[in-house]
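Inspection log for the structure reproduced underneath, given as structure tokens.
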Protein chains: 2
Amino acid sequence: MSPELDLMIAIHLLHEVLEAQIEAADLDHSVPKNDFLMLVHLNEPKRMGALAEDMHVLPSTLTAIADRLEGTGLIHRQRDPDDRRAWLLDITDKGRALQSRIMGLSTEMFRSITGLTAEEIKTFDHLMQKVRSNIIERDGMQELMK
Amino acid sequence: MSPELDLMIAIHLLHEVLEAQIEAADLDHSVPKNDFLMLVHLNEPKRMGALAEDMHVLPSTLTAIADRLEGTGLIHRQRDPDDRRAWLLDITDKGRALQSRIMGLSTEMFRSITGLTAEEIKTFDHLMQKVRSNIIERDGMQELMK
DNA sequence: GCCATTTGGTTCATTTGATGAAACATTATG
DNA sequence: CATAATGTTTCATCAAATGAACCAAATGGC
């Protein structure tokens, strides 16, 4: 088996375990799995379209996620003053509290799951920075091809 | 944002892109997303229970996956001679053909998506080996705690 | 050997969440 | 000013995971 395929499987495994762990950390089960991602991506008020692109989901999917999070009072919609069709999504205080709880937990959680040292995490992070920018660049390329 | 959280998001992204790419490579759409994973895990005849554990899914979920793959003739069930309740799943020739096509594609696909050099992939692989064994060990620990 | 329990898989009803087409309001363009 | 494009929502549909109930075979105590 090639190291690449091996890596793909390992990434799948890690991803799965991370997701399960994050879900377990949400003690009151107020937020479905992937909705956490939105909380993390929402570091500043953003349009739904922009967020959908960030998260690689369809606009209609994002509407549902936003509805759920707004329902539990973690975010709120606000009309974009520049375009009355669009919303600006923003985190509420309650949302910010959960967001920082996630951020606080994430460090310990990640180390415990992966068993990596601080040094190794640094290396890992460095690699993934490169991967991320490559993916984003690729996405941009494919957008142009249409 | 901590490097750990940053990493978690990047892993999520990479995982997503890899999955989409694998699905796109299955030109005739004969195999649903995650069912590929079974093909890869099936390097030797295995019981369904063992496979379910390998893939971190419930037995009932695995039954469905096996049904699908058997339906398209990629695997087949065979009674375990040691236990007449159990099945041994095995790959068919057709399955093996797809398996090796996946393996062949995976190298190029992974490099193109991540943009990493051979050297970096080696480092990555090394890190993930450690992560994997840590996760497996953790799983074992939690099993004992019950 | 016999009954109770455990184990390996399956069935099925339910739930979750993504998808894409159609709709609606607003904005941009010719 | 009419038409096209954009931002979001609605809704019907679908794919797939879940867990409880179930069947059959194996195991263990007596």
Side-chain angles (χ1 to χ4, degrees), chain A residues 12-13 15-17 19-20 22-24 26 29-39 42 45-72 75-90 143 146, chain B residues 12-13 15-17 19-20 22-24 26 28-39 41-42 45-72 75-90 143 146:
Chain A
H12 184 89
L13 175 63
H15 178 257
E16 218 166 39
V17 176
E19 250 194 1
I22 289 175
E23 199 177 14
D26 172 34
H29 294 270
S30 57
V31 183
K33 282 192 193 199
N34 306 349
D35 294 8
F36 279 108
L37 218 54
M38 180 146 137
L39 239 40
L42 212 52
K46 272 184 194 168
R47 285 204 184 169
M48 302 189 64
L51 214 44
E53 197 166 338
D54 285 358
M55 296 171 62
H56 286 112
V57 296
L58 296 179
S60 58
T61 303
L62 198 109
T63 296
I65 299 177
D67 285 351
R68 285 195 289 268
L69 291 184
E70 197 175 25
T72 46
I75 65 164
H76 68 113
R77 283 174 167 90
Q78 210 177 323
R79 277 293 170 202
D80 184 339
D82 297 339
D83 188 335
R84 288 189 302 164
R85 292 166 301 177
W87 299 99
L88 284 176
L89 296 189
D90 200 4
E143 206 57 39
K146 287 183 197 165
Chain B
H12 184 89
L13 175 63
H15 178 258
E16 214 166 42
V17 175
E19 250 193 0
I22 288 174
E23 198 178 14
D26 171 35
D28 47 356
H29 293 269
S30 56
V31 183
K33 282 193 190 197
N34 307 346
D35 294 8
F36 279 109
L37 217 54
M38 179 145 139
L39 240 40
H41 277 284
L42 213 51
K46 273 185 192 164
R47 285 206 185 166
M48 303 189 64
L51 214 46
E53 196 166 337
D54 285 359
M55 296 171 62
H56 286 111
V57 295
L58 295 179
S60 58
T61 303
L62 198 108
T63 297
I65 298 176
D67 285 351
R68 284 194 290 268
L69 290 183
E70 198 175 24
T72 46
I75 66 164
H76 68 113
R77 283 174 168 92
Q78 209 178 323
R79 277 292 170 201
D80 184 338
D82 296 340
D83 188 334
R84 287 189 303 164
R85 292 167 303 177
W87 298 100
L88 284 176
L89 296 188
D90 200 3
E143 206 56 40
K146 287 184 198 166

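Note that the structure is a prediction, hence the values are computed from the model and not measured. Here is how names work: the chains are called A, B, and so on, in the same order as the sequence lines, proteins then strands, and each is numbered from 1.
Distances from the side chain of B:Met48 to the nucleotides D:dT8, C:dT6, C:dT10 place C:dT10 closest.
Within the 3.5 Å criterion, the main-chain N or O of A:Asp54 finds no donor-acceptor partner in the side chain of A:Lys46.
Taking the six-membered ring for Trp and thresholds of 30 and 60 degrees, B:His15 and A:His12 have ring planes inclined between 30 and 60 degrees apart.
In this structure, the CH2 atom of A:Trp87 is 18 Å from the P atom of C:dC24, given to the nearest Å. Put simply, CE on B:Met55 is 14 Å from P on C:dG9, counting in whole angstrom units. As rounded to whole Å, 12 Å separates atom C1' of C:dT27 from atom CG of A:Asp82. For the pair B:Glu16 CD and C:dA18 P, the interatomic distance rounds to 10 Å; values are reported in whole Å. One can place CG of B:Leu62 at 16 Å from C1' of D:dG19, the figure rounded to the nearest angstrom. When rounded to the nearest whole Å, the span between CZ of B:Arg85 and P of D:dA25 equals 10 Å. In this entry the distance linking CZ of A:Arg79 with P of D:dT8 reads 9 Å, nearest Å. D:dA20 atom C1' lies 12 Å from atom CG of B:Leu58, rounded to whole Å.
Here A:Arg77 lies in heavy-atom contact (under 4.0 Å) with sugar-phosphate atoms only.
Between A:Asp80 and A:Pro45, every side-chain heavy-atom pair lies at or beyond the 4.5 Å cut-off.
The residue among B:Asp35 and A:Arg47 whose nearest nucleotide of DNA chain D lies closer to the 5′ end is A:Arg47. Nearer to the 5' terminus of DNA chain D, by closest-nucleotide assignment, is the contact made by A:Asp83 (compared with the other of A:Asp67 and A:Asp83). In terms of position along DNA chain C, the nucleotide closest to A:His56 lies nearer the 5' end than the nucleotide closest to the other residue of the pair A:His56 and A:Pro81.
Checking the phosphate oxygens (OP1, OP2) of C:dT10, a side-chain nitrogen or oxygen of B:Thr63 falls inside 4.0 Å. Of the side-chain N and O atoms in A:Thr61, one or more sit less than 4.0 angstrom from OP1 or OP2 of C:dT19. In this model, the phosphate group of D:dA26 is approached by a side-chain N or O of B:Arg84 to a distance below 4.0 Å at OP1 or OP2.
A cation-pi arrangement, defined by a distance under 6.0 Å to the six-membered ring centre and an angle within 45 degrees of its axis, is absent between A:Arg47 and A:Trp87.
The minimum heavy-atom distance between B:Thr63 and B:Arg77, with the atom names listed, is O-NH2, 3.8 Å.
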